[in-house]
Every structure is written in C-alpha cells, then in structure tokens.
Amino acid sequence: NYARGHYTIGKEVVDLVLDRTRKLADNCTGLQGFMIFHSFGGGTGSGFTSLLLNRLSIDYGKKTKTEFAVYPSPQISTVIVEPYNSV
C-alpha cells in the first residue's frame with residue numbers, strides 16, 4: 001500500500017535509488033530532467049514515487065520531472081478494489 005512504499009520499505013531503498021540516479025546524472029553532459037514511470041494500482045508504486053519525487057526535487061531543484069502513471073482498469077483488474085485504491 002501507499003504507506004509501505006512511502007514510509008517503511010521506501011525509506012529503506014530510496015537512498016540506494018538516489019545514489020544510482022546521481023551516478024547516472026553525473027555522467028550526463030546536459031541533464032534536462034527525469035522521466036518516471038510507475039503504477040497507481042497497488043499503492044506501493046504511488047507511495048514510493050511520491051517519496052522519490054520529493055527527494056529528487058530537493059536534490060535537483062528545478063530540473064524537469066515528467067511522470068507517467070499507469071492506472072488500473074476495472075475490466076481487467078486482478079483485485080476487485082484496485083481501481084478504487086488509485087482514486
């Protein structure tokens with residue numbers, strides 16, 4: 001859920017993700033921004049992504065952050081409440 005992605009598991013791995021992102025960004029000659037792909041279905045993707053976007057904003061200030069979100073479909077959802085969790 002959102003809390004696991006933002007507060008528990010997310011807090012454990014966000015520094016590792018930011019270190020790897022920083023290494024890639026340091027190799028760029030003209031970094032313009034970041035493209036982030038995630039899902040809203042289970043909650044963990046949205047929780048961790050909000051934490052990551054917050055930290056990227058702190059570290060990289062005004063660099064562009066473009067977000068591509070995948071929303072669950074009520075017709076093919078594997079969990080009956082999945083579409084409602086993403087609202």
Side-chain angles (χ1 to χ4, degrees):
N1 64 15
Y2 182 90
R4 281 185 68 190
H6 195 275
Y7 298 108
T8 58
I9 295 172
K11 292 275 188 195
E12 296 172 8
V13 297
V14 72
D15 290 325
L16 175 65
V17 171
L18 287 170
D19 285 340
R20 292 185 180 179
T21 304
R22 194 171 297 112
K23 287 178 186 175
L24 291 170
D26 289 344
N27 289 332
C28 293
T29 56
L31 180 68
Q32 294 182 5
F34 301 93
M35 295 176 71
I36 297 149
F37 298 82
H38 69 97
S39 83
F40 279 138
T44 305
S46 57
F48 180 71
T49 303
S50 67
L51 176 63
L52 181 62
L53 285 170
N54 184 29
R55 296 285 299 272
L56 285 173
S57 292
I58 292 168
D59 292 348
Y60 293 96
K62 295 191 177 220
K63 294 288 182 191
T64 302
K65 288 163 263 327
T66 304
E67 175 183 3
F68 297 94
V70 177
Y71 289 93
S73 169
Q75 288 80 20
I76 57 171
S77 179
T78 57
V79 179
I80 192 70
V81 295
E82 190 177 38
Y84 302 106
N85 288 340
S86 64
V87 176

Please name the pair of heavy atoms, one in A25 and one in L31, separated by the smallest distance, quoted to 0.1 Å.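 Closest approach of A25 to L31: CB-CD2, 3.8 Å.
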
Please report the closest heavy-atom contact between K65 and S57, naming both atoms and the distance. CE-OG, 3.2 Å

Within-4.5 Å side-chain heavy-atom neighbours: [X] and [Y]:
X   : Y   : value
T21 : D19 : no
I36 : T66 : no
H6  : F48 : no
F37 : V70 : no
D59 : R22 : yes
H38 : E67 : yes

Distance check, rounded to the nearest 0.5 Å: R55 atom CZ versus L52 atom CG?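 It is 9.0 Å, given to the nearest 0.5 Å.
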
With the 4.5 Å side-chain cut-off for hydrophobic clustering, are V13 and L56 part of the same group? yes

Any chain of hydrophobic side-chain contacts (each under 4.5 Å) joining Y60 to L24? no

Salt bridge or not between K23 and D26? Use side-chain N to carboxylate O under 4.0 Å.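 A salt bridge is absent here (no side-chain N lies under 4.0 Å from a carboxylate O).
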
Of all residues at least two apart in sequence or in a different chain, which pass the side-chain contact (heavy atoms from CB on, under 4.5 Å) check with T8?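 T8 satisfies side-chain contact (heavy atoms from CB on, under 4.5 Å) with R4 only.
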
Indicate the ring-plane relationship of Y7 and Y2, choosing parallel, tilted or perpendicular according to the 30° and 60° boundaries. perpendicular

